[in-house]
Amino acid sequence: MTRQTQEARRLRTFLPALIALTLAGAGTGCASSDDRPRVVVTTNILGDVTREIVGDEADVTVLMKPNADPHSFGLSAVQAAELERADLVVFNGLGLEENVLRHVESARESGVATFEAGKEVDPLTFQAQDDGGPEDEAGQPDPHFWTDPDRVRKAVGLIADQVVEHVDGVDENAIRDNAERYDGRLADLTTSMEKSFGSIPEQRRALVTNHHVFGYLAERFGFRVVGAVIPSGTTLASPSSSDLRSLTEAMRKAGVRTVFADSSQPKRLAEVLRTELGGRTRVVELYSESLTEKGEGAGTYLQMMRANTTAMTDGLTGA
């Protein structure tokens with residue numbers, strides 16, 4: 001047998017073994033990735049909170065992009081499939097994610113564990129228009145609970161419970177430690193908000209916003225909601241000329257000269273109010289319903305709330 005023949009025979013023997021080992025390794029790698037526990041969260045605010053709780057114990061996928069509107073964002077086919085493959089889906093609920101809730105319901109019907117955070121944190125209801133709330137939605141649940149950090153603290157504990165119960169393979173102690181650590185940071189946030197808002201005179205604690213989003217904050221920190229440019233709890237509604245007239249009259253009566261507009265939404269209607277009131281109205285941007293990209297002012301829930309607290313305090317004290 002020639003040397004070339006021997007080399008060829010060894011090669012034919014070695015190659016199948018090498019291919020088998022390669023495929024086995026690839027299969028193991030895929031299985032590891034597929035077996036990694038998954039939590040899917042609808043909104044980016046709850047996504048940030050959930051990531052703080054989960055840490056490295058599972059993959060957390062957030063469906064809503066930065067600077068998006070929770071009332072109007074939709075899902076791609078790939079994102080909808082993410083819901084079906086999740087171990088746990090965390091969503092705000094109370095009607096907030098209007099274009100996504102049907103996908104969440106579909107995932108639940110297929111056996112995926114789902115958790116509606118807003119429903120479990122003592123939700124408020126929208127008040128009648130005479131109290132500054134949307135007339136057509138009076139008595140309906142208000143989904144914007146995250147403007148009250150104490151309710152977010154309650155949500156943190158409940159989300160941790162859901163992760164421990166439904167997401168196999170996570171370390172319960174790690175989840176509990178993460179939740180406790182984050183709870184402490186939220187307690188510090190509440191304290192700093194109380195201190196900052198305490199500098200606002202009682203007669204100036206009146207809010208006018210783009211739409212009704214700060215009811216929880218108003219209840220928690222002692223503000224009055226005068227009204228909203230869009231007299232609704234959703235940005236998908238639009239005001240009539242009579243709505244704008246009613247709001248300008250309410251603002252004149254209350255002596256309000258500041259309108260808070262969401263930074264991710266067009267401010268045209270808020271600017272209209274400025275014109276209606278003779279140009280003496282300030283339009284102050286807030287981050288009310290969405291986080292921004294990292295480094296753009298509100299990359300986390302804590303950053304968002306601290307930025308809003310500063311903007312609201314300055315806007316209402318004339319600083």
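For E249, the salt bridge (charged side-chain N to carboxylate O under 4.0 Å, His left out) test picks out no residue, with sequence neighbours left out. Judged as a side-chain hydrogen bond (donor to acceptor under 3.5 Å, both in side chains), and not counting sequence neighbours, D188 has no contacts. Judged as a salt bridge (charged side-chain N to carboxylate O under 4.0 Å, His left out), and not counting sequence neighbours, the contacts of D150 are R220. Applying the side-chain hydrogen bond (donor to acceptor under 3.5 Å, both in side chains) test to N92 and every residue at least two apart in sequence or in another chain returns nothing. With sequence neighbours left out, T114 forms a side-chain hydrogen bond (donor to acceptor under 3.5 Å, both in side chains) with no residue at all. With sequence neighbours left out, the salt bridge (charged side-chain N to carboxylate O under 4.0 Å, His left out) criterion links D148 to R151. A search for side-chain hydrogen bond (donor to acceptor under 3.5 Å, both in side chains) contacts involving R204 returns nothing, not counting sequence neighbours. For S196, the side chain to side chain contact (heavy atoms under 4.5 Å, CB included) test picks out T309, T313, with sequence neighbours left out. Every residue meeting the ring pair (Phe, Tyr, Trp, His ring centres under 6.0 Å) condition with F223, not counting sequence neighbours, appears here in chain and number order: F197.
Connection of L101 to V41 is not established within any shared hydrophobic cluster, with ILVMFWY side chains joined at heavy-atom distances below 4.5 Å, either directly or through further cluster members. Taken together through direct or relayed side-chain contacts under 4.5 Å among Ile, Leu, Val, Met, Phe, Trp and Tyr, F91 and V213 form parts of separate hydrophobic clusters. By the criterion of side-chain heavy atoms lying less than 4.5 angstrom apart, applied directly or through intervening Ile, Leu, Val, Met, Phe, Trp or Tyr residues, F73 is not grouped with V49; the two fall into different hydrophobic clusters. Clustering ILVMFWY residues whenever any of their side-chain heavy atoms sit less than 4.5 angstrom apart, transitively, puts V156 in the very cluster that holds L302. By the criterion of side-chain heavy atoms lying less than 4.5 angstrom apart, applied directly or through intervening Ile, Leu, Val, Met, Phe, Trp or Tyr residues, L46 is grouped together with L88 in one hydrophobic cluster.
By the 4.5 Å heavy-atom criterion applied to side chains, L83 and V112 are not counted as neighbours. Side-chain contact between Q140 and L94 is absent, with no heavy-atom pair separated by less than 4.5 Å. Side-chain contact between F115 and L158 is present, with heavy atoms from C-beta onward closer than 4.5 Å. Within the 4.5 Å cutoff, side-chain heavy atoms of V90 are placed close to those of I159. Residues T43 and L96 have side chains in contact (heavy-atom distance under 4.5 Å, counting atoms from C-beta outward). Using a 4.5 Å cut-off on side-chain heavy atoms (C-beta onward), I53 and I175 make contact. A heavy-atom distance below 4.5 Å is found between the side chains of M193 and P149. Contact of the K65 side chain with the N44 side chain is not registered, since no non-hydrogen atoms from C-beta on lie closer than 4.5 Å.
Of the possible polar contacts, none joining the K154 side chain to the V121 backbone as a donor-acceptor pair under 3.5 Å is found.
Under a 4.5 Å side-chain heavy-atom cut-off, the cluster of Ile, Leu, Val, Met, Phe, Trp and Tyr residues that includes V78 has no other member.
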Name every donor-acceptor pair, under 3.5 Å, that has one atom in a side chain of residues 180-187 and the other anywhere in the protein, sequence neighbours excluded.
{"from": "R181", "atom 1": "NH1", "to": "N178", "atom 2": "OD1", "distance (Å)": "3.1"}
{"from": "D183", "atom 1": "OD1", "to": "R153", "atom 2": "NE", "distance (Å)": "2.9"}
{"from": "D183", "atom 1": "OD2", "to": "R153", "atom 2": "NH2", "distance (Å)": "2.9"}

For D59 and R36, what are the C-alpha separation, side-chain angles and deciding distance, and is it a salt bridge (charged side-chain N to carboxylate O under 4.0 Å, His left out)?
CA-CA 7 Å; D59 292 332; R36 176 87 171 154; 3.0 Å; yes

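Other residues, nucleotides and ligands contribute over 12 non-hydrogen atoms within 6.0 Å of the CZ atom of R85.
Judged by distance alone, the side chains of E289 and H71 do bring a donor and an acceptor atom under 3.5 Å apart. For the residue pair H144 / D142, a side-chain donor-acceptor distance below 3.5 Å is found, with atom types taken as modelled.
Sorted by first and then second residue, the salt bridge (Lys or Arg N to Asp or Glu O under 4.0 Å) pairs involving residues 106-120 (not counting sequence neighbours) are E105-R108.
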